[in-house]
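What follows is one structure encoded as structure tokens, with my remarks underneath.
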Protein chains: 2
Amino acid sequence: MTETPRERYRAQVRTEIKERAWEQIATAGASALSLNAVAKQMGMSGPALYRYFAGRDELISELIRDAYRSLADAFRAAAEPAPDPAALARALRAWALADPQRYFLVYGTPVPGYHAPSDVTGIASEIMTTLLDACATLPPAGPRTPFDAHIEDHRLWAAGHPAPPAVLRRALTCWTRLHGVLSLELAGHFTGMEFDPALLFEAELDALLG
Amino acid sequence: MTETPRERYRAQVRTEIKERAWEQIATAGASALSLNAVAKQMGMSGPALYRYFAGRDELISELIRDAYRSLADAFRAAAEPAPDPAALARALRAWALADPQRYFLVYGTPVPGYHAPSDVTGIASEIMTTLLDACATLPPAGPRTPFDAHIEDHRLWAAGHPAPPAVLRRALTCWTRLHGVLSLELAGHFTGMEFDPALLFEAELDALLG
DNA sequence: TCGATGAGTTATAGCTTCTAACCAACGCGA
DNA sequence: TCGCGTTGGTTAGAAGCTATAACTCATCGA
């Protein structure tokens with residue numbers, strides 16, 4: 001497992017490329033990411049980057065992978081010491097506000113042709129698992145809904161998690177509702193409307209858990 | 001108001017350009033929209049399109065404007081003969097599924113530098129008004145929340161709509177929650193998870209209005 | 001020390017947006 | 001009916017992008 005100096009150099013350059021790429025994405029969006037500009041910013045010329053990434057798509061795929069990984073880590077950290085949906089939700093918002101374009105790389109507009117790298121599904125299910133664990137700690141809410149019946153027969157996505165259907169449904173609604181407020185806030189659809197997005201987020205969280 | 005033949009021809013070419021652009025966007029996403037390809041598809045060569053649009057950005061702005069207009073019209077049509085939030089919600093989903101990329105042009109990932117044309121705010125507030133009208137027909141729900149107090153002091157965005165704060169809050173939650181489920185569905189985050197997105201949407205609608 | 005590996009370079013093809021210059025056709029007024 | 005201006009369309013070209021090919025040179029290992 002001892003790394004040669006070459007490998008260390010290579011890894012270091014790769015991470016610097018990704019850092020510059022993140023800067024560009026944060027200021028101009030993922031669609032404006034330019035390998036040329038990244039290379040020029042690093043003092044080397046264009047095609048040198050192709051030693052490190054097969055192309056623009058592979059670089060973006062790598063960034064998406066890292067974004068998923070980062071979110072999964074933030075979730076895992078927020079689930080300590082005890083799983084708590086509210087803590088998870090606030091961690092999600094903090095993670096999103098720290099770098100909105102990173103959030104959009106995960107949950108934003110998909111490019112019709114593009115397929116995310118296959119290993120992100122593993123990370124996505126890791127995220128879902130921590131969310132399910134947290135939702136399982138909540139007191140069972142309300143009567144059984146028709147959707148619970150449907151989900152009981154279609155719980156393959158829960159990856160064998162032993163939670164009852166009501167918990168699965170709760171996790172799903174946590175996901176969709178928090179994404180709803182967050183993505184609209186990050187996309188700037190609340191600017192100009194006077195209210196405080198943080199309060200709306202907390203209100204939605206209250207309605208979800210209270 | 002009588003149009004000269006020149007103006008009619010000009011308007012026709014403009015709409016054909018937009019139609020081709022929509023086709024491209026539907027199949028490859030807005031980031032892949034190429035003026036050159038549109039022109040070639042119409043049998044004319046590249047720079048000819050600049051007689052009709054100042055550039056790629058203006059064309060996209062025009063498409064965004066049309067998308068807003070289309071959504072506002074769909075909403076207005078769904079509010080006949082009587083305002084009904086459930087009808088509005090289902091119209092929204094149908095409108096979104098008919099052309100997901102059109103939905104993302106309105107509610108998708110924003111480009112940091114880009115600013116939407118100023119007149120879409122008028123259309124957006126028209127959409128919000130029909131939503132508020134529909135939500136005002138619902139029986140008042142639940143106790144007064146802390147967020148109601150906040151929104152009562154920050155209701156500038158309601159554009160003078162006379163609805164009480166509880167209705168404003170309801171309209172906001174309709175917006176964010178429906179967008180939450182819809183955008184995740186359209187982005188393909190539910191593919192692989194076995195359940196039926198339509199049922200999840202209906203379940204969320206039930207929770208919202210029931 | 002020599003040879004292979006690999007990082008970085010320039011050159012080039014092909015794509016894009018967009019400007020400039022030019023041409024031709026259309027329509028309107030005299 | 002005859003010009004002449006407006007306007008649509010063209011080609012040429014600049015600047016930028018992705019990506020490949022070919023080449024140079026340093027570094028690392030045997």
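Per chain, numbering begins at 1; letters A, B, ... match sequence-line order.
- Because its NZ or CZ atom is both nearer than 6.0 Å to the ring centre of Phe201(A) and within 45° of the ring axis, Arg93(A) counts as a cation-pi partner of that residue.
- For Asp99(B), there are no salt bridge (Lys or Arg N to Asp or Glu O under 4.0 Å) partners at least two apart in sequence or on another chain.
- In this structure, CG of Leu49(A) is placed 12 Å from C1' of dA7(C), rounded to the nearest angstrom.
- Ring planes of His189(B) and Tyr107(A): tilted class, angle from 30 to 60°.
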If the sugar-phosphate is the primed atoms plus P, OP1 and OP2 and the base is the rest, what is the B/S/- string for nucleotides 25-30 of chain D, using protein heavy atoms under 4.0 Å? -BBS--
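- Nearest-nucleotide mapping onto DNA chain D: of Ser45(B) and Ala54(A), the residue sitting toward the 5' end is Ser45(B).
- Shown here are the side-chain hydrogen bond (donor to acceptor under 3.5 Å, both in side chains) partners of Arg76(B), two or more places apart in sequence or in another chain: Glu126(B).
- Relative to the side chain of Pro47(A), the nucleotides dT19(C), dA11(C), dA22(D) differ in distance, and dA11(C) lies closest.
- Atom NZ in Lys40(B) sits about 15 Å away from atom C1' in dT10(D), given to the nearest Å.
- Contact annotation: Tyr52(A) side-chain N/O to dG6(C) OP1/OP2 distance is not under 4.0 Å.
- For the segment residues 30-37 of chain A, no residue has any heavy atom less than 4.0 angstrom from an atom of DNA chain C.
- Taking the side-chain hydrogen bond (donor to acceptor under 3.5 Å, both in side chains) definition, one finds that Arg155(A) meets it with nothing, sequence neighbours left out.
- Under the side chain to side chain contact (heavy atoms under 4.5 Å, CB included) criterion, Asp119(A) pairs with Arg65(A), Pro117(A), not counting sequence neighbours.
- Sequence order on DNA chain C of the closest nucleotides to Arg51(B) and Arg56(B) puts Arg56(B) first from the 5' end.
- The CZ atom of Phe53(B) sits 13 Å away from the P atom of dC18(C) (whole-angstrom rounding).
- If you check residues 8-25 of chain B against DNA chain D, the residues with a heavy atom closer than 4.0 Å are Tyr9(B), Arg10(B), listed by number.
- In this view, Ser183(A) and His179(B) satisfy the side-chain hydrogen bond (donor to acceptor under 3.5 Å, both in side chains) rule, not counting sequence neighbours.
- A search for side-chain hydrogen bond (donor to acceptor under 3.5 Å, both in side chains) contacts involving Glu152(A) returns Arg144(A), not counting sequence neighbours.
- One interatomic measurement links the two molecules: OH of Tyr50(A) to C1' of dC17(D), which rounds to 9 Å at whole-angstrom precision.
- Applying the side chain to side chain donor-acceptor pair (under 3.5 Å) definition to pairs two or more places apart or across chains, none involves residues 29-53 of chain B.
- Atoms CG (Leu59(B)) and P (dT16(C)) sit 15 Å apart, rounded to a whole Å.
- Between Glu58(A) atom CD and dT20(D) atom P the separation is 11 Å, expressed in whole Å.
- Every residue two or more places apart in sequence or in another chain that forms a side chain to side chain contact (heavy atoms under 4.5 Å, CB included) with Leu132(A) is listed here: Met128(A), Ala158(A), His161(A), Val167(A), Leu168(A), Ala171(A).
- With sequence neighbours excluded, no residue forms a side chain to side chain contact (heavy atoms under 4.5 Å, CB included) with Ser125(A).
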